[in-house]
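What follows is a set of notes on a single structure, which appears directly below.
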Amino acid sequence: MSEQSAPSTQSVFRDGLLRGQVALVTGGGTGIGLGISELLAQLGAHVVLASRTAEHVEKAAQSIRDAGGSASAETLDVRDPERVNGVVKKIAAERGRIDVLVNNAAGNFYAPSESLSPNAWRSVIEIDLYGTFFCSQAVLPVMKTQGGGRIVSISMTLHYRGWPLMAHATAAKAGIDALTRTLALEWAPWGVRMNAIAPGPIPTEGVRKAFTPPPAAGGQVPDVFAAEKAMESYARKAIPAGRWGTPRDIANMVAFLASPAGEWITGAIMVVDGGEWLAKNPAPQMQRP
Ligand code: COA
């Protein structure tokens, strides 16, 4: 395989690795969350996909079932602890256990800090940080009763160096890292392993939009491949591994941590980014007067 080719969608893990297990994936209907849900289901777990948007999670759960996996959907806002507790109790009552929680739900946008409204700040902090805490706290009694469990939270790398226009998200994800280490210590005696993954750049719809040049002026035919070319060039310049990440790259780390291979790993923040943050590329969109 060349350095730049995309990874295979075949699983590197053995069939049935997570058979009999139940996983709850917040934000599981789209993007990285969907990639995680698909792999956990492929490895035999029953996956509950939960998000604010019923359409996303129901469609995704159906596509997992169509592919031969076991999945169901729940609608919740991770900022609402009562609803989170209700969903967790329902899953435990119906399935008898929750082995894996993936705190993947997140909200984010680029915005200058000087004009960030209190509600904008609160929204991102509450979805990312409060949501991670509420969901983790809600599954704890279930995991304690069954003798343990795995919690994996999705963090980021941008707060390692700071990232302009991302004050809200970087603060929230730094909080998630702190929570990961603290809860790992508190909950280890009950067999609960608490880890985080810091993904590098994964080309979501928002990223593609950011790399798409404005419409061609003066009647010129627009270059439909412009975004792909710009992204390829970014990968060559800024990502030592030479390619963008995929949801499967992140899902593989979740599966590893959820499997017995992760038994002795807790309080760790696993960077899965093709070496991007170490490469010290200039942070984008720095504004100078
Ligand atoms: N720039 C500045 N402020 C923004 C913004 C942006 N691009 N996007 C949202 N906000 C502000 C809103 O104006 C609002 O503040 P206000 O009430 O003072 O006007 C506040 O953030 C909450 O936004 P809203 O969309 O009403 O709240 P929400 O809680 O339903 O959703 C987000 C919050 C972050 C999820 C939502 O803005 C969003 O959909 N973002 C893009 C999608 C996304 O985040 N996907 C996940 C990628 S990790």
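Every number for a ligand or one of its atoms is a count from 1 in the order of the listing. We number each residue from 1, following the sequence as shown. Note that the coordinates shown come from a computational prediction; the quantities given were computed from them, not determined experimentally.
Counting only residues at least two apart or on different chains, no salt bridge (Lys or Arg N to Asp or Glu O under 4.0 Å) pair has a member in residues 37-59.
Scored by the ring-ring contact (aromatic ring centres under 6.0 Å, His included) test, His168 finds Phe109 as partners (sequence neighbours excluded).
In this pair, Trp244 and Phe211 present their aromatic rings perpendicular. The plane angle is above 60°, beyond the 30 to 60° band.
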What's the verdict on side chain to side chain contact (heavy atoms under 4.5 Å, CB included) for Leu76 and Ser51, showing C-alpha distance, side-chain angles and the deciding distance? CA-CA 5 Å; Leu76 59 69; Ser51 93; over 6 Å; no
Sequence neighbours excluded and cut-off under 3.5 Å, please list the side-chain donor-acceptor pairs for residues 251-273, or say none.
residue : atom : partner : partner atom : Å
Asn252  : ND2  : Arg248  : O            : 3.4
Ser259  : OG   : Phe256  : O            : 2.8
Ser259  : OG   : Ala261  : N            : 3.1
Glu263  : OE1  : Arg150  : NH2          : 2.9
Glu263  : OE2  : Arg193  : NH2          : 2.9
Thr266  : OG1  : Met194  : N            : 2.9
Asp273  : OD1  : Gly275  : N            : 2.8
Asp273  : OD2  : Glu276  : N            : 3.1
Asp273  : OD2  : Trp277  : N            : 2.8

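Heavy-atom minimum distance, Tyr160 versus Ala198: OH-CB, 3.6 Å.
For a heavy-atom separation below 4.0 Å, the residues in contact with ligand 1 are Arg52, Arg79, Ala106, Gly107, Asn108, Phe109, Ala111, Ser117, Asn119, Ala120, Ser123, Ile127.
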